[in-house]
Amino acid sequence: MPILQVSDLKKVYTTRFGGQQVQALSNVSFAVESGEYVAIMGESGSGKTTLLNILAALDKPTSGEVLLDGKNIVAIREREIAAFRRDHLGFVFQDFNLLDTFSIQDNILLPLVLAGKRFPEMERRLLPLARRLGLQDLLKKYPYEVSGGQKQRTAVARALITEPRIVLADEPTGALDSKATDSLLGLFDQVNAEGQTILMVTHSTKAASHAKRVLFIRDGEVFHQIYKGVSSTEEMYQKISDTLTLLAAGGNDNG
Amino acid sequence: MGNSSLFPKLAFQSIRNSRKFYLPYILALIGNVAAVYIMSALVSDPGVKDIAPGRPNAHMYVEAFMSIGMVIAFFFSFIFVNYINGFLMKQRKKELGLYNILGMGKRHIALVLVYETLYVGAAGILGGLAAGLVFHKLVNLCLHKVLFMPAPFGFYISWSGMILTAGMFSGMLLLVLLGNLNKVRLSKPIELLHSASAGEREPKTRWLMTLLGVLALGTGYYIAISTRTGVDALMLYFVAVFLVIVGTYCLFTAVSIFVLKALRRSKRFYYQTSHFIGVSGMLHRMKQNAMGLANICILCTMVMVMLSGTLSLYLGTEDIVREQYPGDVNVAVRYFPRPTADSGEDWTPFDPEAMLSLQTGFIESQGLSVTDVNTYTRFGFGAGLLKDGTYTTDRFAQDAAGAVVSITCITQEQYNKAAGDSLSLQDGEIAAYGVEGDEMTIRWVIPGEGREVDRSTLPIVRKLQSNPTQDPQIAQMVTIVVRDEAAVTALWEKQAAAYVDDWSALHWCAAIDVDGSEEALYRMQSRHMEAIEDSGFYNGTGSWYACSWNLRSDGAAESYAMAGGFLFLGIFLGFIFLMATVLMIYYKQVSEGYEDKARFEIMQKVGLSRSEVKRSIHSQILMVFFLPIIVAAIHIVFDFNMVEKLLTLLYLHNTPLTALCTLGTVLVFFLVYGAVYLLTARTYYKIVER
């Protein structure tokens, strides 16, 4: 059974004035297997952010369902959504979304504290994770004292500390320089190799080339997908570039 | 940029666009201008001069209080306007930076600021004067009401008051504008643009400040609760106030951070959902708001002290008047029953009977009838309290336990009359206020020599809970009630034996009730003043050295003028301070709202539900909001003793009344504060949840 099953997802926004309707997602279906590393690519306005928001239970679809471990997250009641999100999902955002009033350590622990875990348990999870992400010397520092790459690694640690079923990453390399980008993508590879399922939305070809599978979204539909298979990251990069060129040229699905 | 109407327009627009910030500012200006105008108008209002005809002191109290009030209100307005201006400039830095980057020179920005000040100033000052004109009449009516005077007619406009008020506030706004222009001149555009997103540093623990705060507050509180007498309270009041103010600032800036950090170090406590967000949020808030909160706290304390003090004084005036002027006409004579070194050859003993019949005879000769006469004899002397609990006339004896004690001796007749009691003492027995133990021992020691010439041991048959004499508490007070005048005189003789040439005088007082209208009493008073010009008037009354003659209605008018003026000032300044508090809170809520918005969005993304966010916001805001007034209430509790002692200097000895007034003031203040909270919290939630 796939860990995440998205079927016939449709999202229509109604503009505030005049009641004009804008279709963000027309018909999206795909599945993510446990341990997969999936990237979703698409231009601005293609609907990928809407898709991610729905997957993150931050937004509700107009129709269709999203099954996480067979449970329809669309049908979860408003009151339970926050708990569901923090227990099953991990988030990494483009602009880190760290709280400047908390130290790095407290930022990482935030979801566990919100979940009401005891401190010894928190410590037990924190230390190995911090070591894995190279954050062990930064725990007492504050977000404004560390670099962008370190901030993003903090955000990754925050996403991983709840041992989520799936990590949702929204343009995680968007605010990073190339060195920090490489480092973060290496980290994702490593985390994925250890069995963590990752779903990433990006329009960076480089970021997507690290994924095992890339979905392309255009005009609210899954337009095309590429499997990495046994190809190297460089070959994957080439394949993605070619597809993007094709997409930009407006070609048909002949993959 | 050739279009000269651009800058006025820009200025107008920016005021309109941020009316959420400017409207309260203008309203505050209007309120302050109106208040200062009204007070200045009351000073020059001819109606106030006639507030109590025939009692020149009455209107002087009002004028003096209003002048003081005007100065305080103005200085306060200045501080307050600066505070709001600082807030507005912080909010507007980005806008100004944008103007700068879009090609406006600093000179042009300055022009925009000048026009803005012009608009705000015009609206505030003109609006304030208009409001002042309208409310002046109302305030004047209230003033006459609290002074128990008939309401005046007519409508008075004080042109000089207007010019003075407008001038003062224009000057103030000009100063503020110059400050802003200087800030713009010194700034770099990119700084203006980015100043809102400067990094948040964690506040440091300031050990010295923490220590200083605890010490200052502790000492201030200690002084306040350990003050025994009114004179001490008067001398130490401002020391205590200063220490408490310093302590409050340190408490909010350093002690709070110290405590929060200590909480954070306790892992078990800190890593729980509500504490986690609360403690770190408070840490952050305290860093940003410590000064503002301390200001609010001090303001609240001032308002409450002022209102409760003036209110209890005013409500207690009736008692004060009754106590000080027991009869319609009050004659008090100070005399020595034996000749002193200064007495001349022709010394004769003071004759109370002759004095009384002289006075009643005079009153009746004026066509008025005497309905009741009460006479009392009393005296007081200083003593030292020894460690063994006995008293000595050697006030500065080596082993005196500390304070000098003022011992007053009265008759049971006077006590029963004043307290409505029916004490019946045997010879030698006493009832006492302020004495420990079952008996009171007085060692009659010659000061300086240390020789004990006599000793009195007086069994105390009744302990009095409140002081039956209501003199200003200049020292620790002991009052002993003895059987009769003979017993008073007997004690006086012992005192005289110890004090050799340094006797206390005996006070003989006659409270005479007279049947007659107030006018008739006044006429009699002027006749009496003429009569005593004649040196032979007092012939036959014996030797004495001071005689006072007072009408109760005279004293009442003056007491009410003073207490009413005080109360009026208290309410007036209280109103201004309260307005300031409300606005500070409003600005704080708004500015915090914008900062918290981003923070709570992140928390929601990471898995905090909306209701949890709401609860967390609520508890933090509640804490920040009510912290100042709770600390203020604690200040009031400690300050109570001191205020009570201070009021004794104004002859108010009614502790329950003062307590009740204080409690009432605090309650009303909490209610107003709560209402303000509800109003401003709505603004805050709107910002955070949008």
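A note on names: the letters A, B, ... follow the listed sequences, proteins ahead of strands, and every chain is numbered from 1.
Heavy atoms of L110(A) lying under 4.5 Å from chain B belong to its backbone as well as its side chain. Using a 4.5 Å cut-off between heavy atoms, D106(A) touches chain B through backbone and side chain atoms alike. At a 4.5 Å heavy-atom cutoff, the contact between L98(A) and chain B is made by backbone atoms alone. Looking at F84(A), neither its backbone nor its side chain comes within 4.5 Å of chain B, counting heavy atoms on both sides. The part of R85(A) that comes within reach of chain B is its side chain, from C-beta onward, which places non-hydrogen atoms under 4.5 angstrom from that chain.
Inter-residue side-chain proximity for I40(A) and L52(A) is flagged as unmet; no heavy-atom pair is nearer than 4.5 Å. Residues L187(A) and R153(A) are in side-chain contact: their nearest non-hydrogen atoms beyond the backbone lie under 4.5 Å apart.
Aromatic ring orientation, F87(B) versus F21(B): perpendicular (interplanar angle above 60°, classes split at 30° and 60°). The aromatic rings of Y22(B) and Y25(B) sit tilted, their planes meeting at an angle between 30° and 60°.
Ion pairing between E121(A) and R124(A) holds under the 4.0 Å rule for side-chain N and carboxylate O.
Contacts with chain B were tallied for E123(A), K117(A), R158(A); R158(A) has the most, counting heavy-atom pairs under 4.5 Å.
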